[in-house]
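The structure under discussion appears below in the form of structure tokens.
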2 protein chains.
Amino acid sequence: MNMIKNIAKDKITLKDIADIAGVTSMTVSRVVSGKGSVKETTRQRILKIVREMDYKPNLLARSLSSMRSMTIGVIIPKTEQVFLDNYLAQILTGIMAVVKEYDYKLMIYPVEDSESKGNLYLTVARSKLVDGIILLKPKIHDKNLKSLAESGFPYILVNHRSEEQFYNYIDTDMHGSTVMVTEYLFEKGCRRIGFVAGNREEQNSLDQLAGYHSGLKKMGLNFEEDLVIYAEGHAGKAYSDMDNWLSPHQMPDAIICATDYIAIAVMDRLKSENISVPDDIAVVGFNDIDLAKFTQPKLTTVKQPLLGLGKTAAENLIGLIEGEKTSPVQTSLDLQLIVRESA
Amino acid sequence: MNMIKNIAKDKITLKDIADIAGVTSMTVSRVVSGKGSVKETTRQRILKIVREMDYKPNLLARSLSSMRSMTIGVIIPKTEQVFLDNYLAQILTGIMAVVKEYDYKLMIYPVEDSESKGNLYLTVARSKLVDGIILLKPKIHDKNLKSLAESGFPYILVNHRSEEQFYNYIDTDMHGSTVMVTEYLFEKGCRRIGFVAGNREEQNSLDQLAGYHSGLKKMGLNFEEDLVIYAEGHAGKAYSDMDNWLSPHQMPDAIICATDYIAIAVMDRLKSENISVPDDIAVVGFNDIDLAKFTQPKLTTVKQPLLGLGKTAAENLIGLIEGEKTSPVQTSLDLQLIVRESA
DNA sequence: CTGAAAGCGCTAACAG
DNA sequence: CTGTTAGCGCTTTCAG
């Protein structure tokens, strides 16, 4: 029997293994970390002891010494929804896939909207806990973005196209796709196309709104303020603000919704008013969430390549971290209209 | 003008601050970490320099030295869905709320089902990157749970009730609530109550199934194998396996679904077969996801206190970490039937 | 209230 | 291929 097995296993260090193996901790380090070469026989001997002792490296020490944490941070805007929002969930899933592939780890930083205490981004950056950060849907007026960009710390903005030349971002073409939707509805015969807007503190939503304007213009339609509901992304607000539309001559004949959640609420309201979708009014959503195909009628929507967004963001960030890419990284992914039953 | 401001700000250490302030790094440490007392005047002087220099502590070094990372890890089963599943999303949201409140940080570890390479749990535990871990819905046959429990490292199992006396877990009473649902349907006049089961590798789903059995028995109904679909949690499988029910005399008059996603798929199938819910068949889901109130008809479902689950798990874990609680922690939260239109 | 000394466990860099 | 030296930046502990 082996006495060694009775030692407390939760504080075994490289040195302990080294002493048993009769080498220096440096040699064990090379074996365990896989960096540097070691004679095959001693390598095997060390590996055996590592297994017997059930040694697990202290990653904290490793990171402090190597100046690399091998983890990336994700900053999530914590409005009401956070994870409840499938939108973020999908992007995160994409990020996770890449993170795993490259053997990185993942740290989550939820951020209150109000939060402004001393530039969280730089605090995170300098904490050395992460090698780079991905910011999901930052607010357009976020003052701290600039100092982050200037700091040289690796970061990627997701869904935050910027006119500024120096920001790193991955985005989807919200403007173009909203024009496309307007065009689609026009060709279906719609002439009073309404719009329920998202959160105007997000670049994304502004682009959508601008796309709606462009689309109308392109089709030769006039913009009417009454046809827009500024729901700021809240399904509940969309539902109740539809009051204004509920006199027959005010009604649009098509409604573009900033998100699928909003579209669902809108359809629910229409149903309760006995207005038929798509016969009386066509409804289009954005995102193609899981449940879009289960609504009655099934929701016509614009599919965001959310998984791809997450993956691209993570891949580019890791590229930046490992010096294989250089700033600025600026990418825009295409969207796709999924025609189902609601329009 | 202050020359100091031009120094590279991303590698300022306690020592730098100390030198400028004319004290030892130890004094600065006390000020920055808030532990230990410092004369008020020097405290203010140091704080001023900290601000001017924009010093941010290196948390890696702090953790290595103090043996506390102030972060908790969450192990997420990465089946197909991960974050896409609102279920996990809500629990995570609850965890995040508490984590923020207690000034902890959050690390995410997605786990492949197949994954068994050298007990991830212990590897994470010994990495010192986290002070404790929460395991979401571990599989019942997971061999590694036992060694984790024996290691003494703080952990909490979420939704994994166990007969074993020594496991720490937070769970919801799936058995009892499924009995309650069966009873509810019986009282509505249903006598052929069907059941679409979840993933039988999760204790949770097994409890549901057992609750279904108990419920039938309690109501004096016989269990019929034909009334159960083993969809293993997949909405798509539920949809297609309903084939078996689609001859009139095979049809149940009520269907209990393991999750709302399944319930939605089931209702969709019934709709496509021109079977009316709830007039012909009553449908009940589990979880009360966001969209349950938007389905047509609105879904009657069992509300899981998912946010509460997450919060309770995190609070208890932190209690364990900080020595305010002792193992085993075993809690079961109550569920609530939300009656809407589908049953 | 402040300082000195001694690490936390690992790795970079340089020898040999 | 292996060892030595010297930290990474912070905190613990013990003095004073």
Side-chain angles (χ1 to χ4, degrees), chain A residues 7-47 49-50 53-71 123 125-131, chain B residues 7-47 49-50 53-71 123 125-131:
Chain A
I7 295 176
K9 291 184 174 175
D10 58 338
K11 36 185 127 169
I12 295 171
T13 69
L14 281 187
K15 180 118 196 358
D16 297 323
I17 307 288
D19 289 347
I20 298 173
V23 293
T24 318
S25 55
M26 206 42 234
T27 304
V28 181
S29 169
R30 285 190 254 258
V31 171
V32 171
S33 70
K35 293 177 183 170
S37 45
V38 175
K39 200 209 297 177
E40 189 53 26
T41 55
T42 66
R43 159 188 216 73
Q44 290 303 337
R45 182 158 43 95
I46 289 172
L47 241 25
I49 298 170
V50 162
M53 302 286 289
D54 198 24
Y55 165 81
K56 313 278 185 193
N58 179 328
L59 264 28
L60 229 36
R62 175 125 100 201
S63 295
L64 181 61
S65 176
S66 66
M67 305 289 220
R68 295 276 273 97
S69 66
M70 292 302 288
T71 113
T123 304
R126 305 255 188 81
S127 74
K128 304 294 181 192
L129 257 24
V130 300
D131 294 332
Chain B
I7 295 176
K9 291 185 172 175
D10 57 336
K11 36 186 129 167
I12 295 171
T13 69
L14 282 186
K15 180 122 196 358
D16 296 323
I17 307 288
D19 288 348
I20 297 173
V23 293
T24 318
S25 56
M26 206 40 236
T27 303
V28 182
S29 169
R30 286 191 254 258
V31 171
V32 171
S33 69
K35 293 177 183 171
S37 45
V38 176
K39 202 209 298 177
E40 189 52 26
T41 57
T42 66
R43 159 189 214 72
Q44 290 303 337
R45 182 158 43 94
I46 288 172
L47 241 24
I49 299 171
V50 162
M53 301 287 290
D54 198 24
Y55 165 80
K56 313 277 186 194
N58 179 326
L59 266 26
L60 230 34
R62 175 126 98 199
S63 296
L64 181 61
S65 176
S66 67
M67 305 288 220
R68 295 275 272 100
S69 66
M70 291 302 289
T71 114
T123 304
R126 305 254 186 81
S127 75
K128 305 293 181 191
L129 257 26
V130 300
D131 293 333

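Order of the sequence lines fixes the chain letters, A, B, ..., with proteins taken first and strands second; residue numbering starts at 1 for each chain.
Atom CD1 in B/Ile12 sits about 17 Å away from atom C1' in D/dC8, given to the nearest Å. For A/Lys128 and D/dC10, the NZ to P distance is 10 Å, given to the nearest whole Å. D/dC10 atom C1' lies 13 Å from atom CG of B/Asp16, rounded to whole Å. B/Arg68 places its CZ atom 23 Å from the P atom of D/dG9, with the value rounded to the nearest Å.
Distance from the side chain of B/Leu14 is smallest for D/dC10 among the nucleotides C/dG9, D/dC10, C/dA12. Side-chain proximity of B/Arg62 to D/dT2, C/dG9, D/dT11: nearest is D/dT11. Proximity note for B/Lys39 (side chain, C-beta onward) versus C/dC1, D/dG9, D/dT2: the nearest is C/dC1.
Panel note: side chain B/Thr42, backbone B/Lys39; a donor-acceptor pair is recorded below 3.5 Å. Put simply, the side chain of A/Asp16 gets close to the backbone of A/Thr13: a donor and an acceptor are under 3.5 Å apart. For the pair B/Asp131 (side chain) and B/Arg68 (backbone), a donor-acceptor distance under 3.5 Å is absent. In this structure, the side chain of B/Ser29 does not engage the main chain of B/Ser25 through any donor-acceptor pair within 3.5 Å. Remark: side-chain polar atoms of A/Ser63 are paired, donor with acceptor, to backbone N or O of A/Leu59 under 3.5 angstrom.
Residues from residues 21-34 of chain A with heavy atoms under 4.0 angstrom of DNA chain C, sorted by number: A/Met26, A/Ser29, A/Ser33.
Checking the phosphate oxygens (OP1, OP2) of C/dG9, no side-chain nitrogen or oxygen of A/Tyr55 falls inside 4.0 Å. For the OP1/OP2 pair of D/dG9 and a distance below 4.0 Å, the side-chain nitrogens and oxygens of B/Ser65 include no atom meeting the criterion.
Between A/Arg126 and B/Asp54 there is a salt bridge, since a side-chain N of the basic residue sits under 4.0 Å from a carboxylate O of the acidic one.
Mapping A/Pro57 and B/Thr42 onto DNA chain C by nearest heavy atom places B/Thr42 at the nucleotide closer to the 5' end.
Backbone-only engagement by A/Thr13 is indicated by non-hydrogen atom pairs under 4.0 Å involving sugar-phosphate atoms exclusively.
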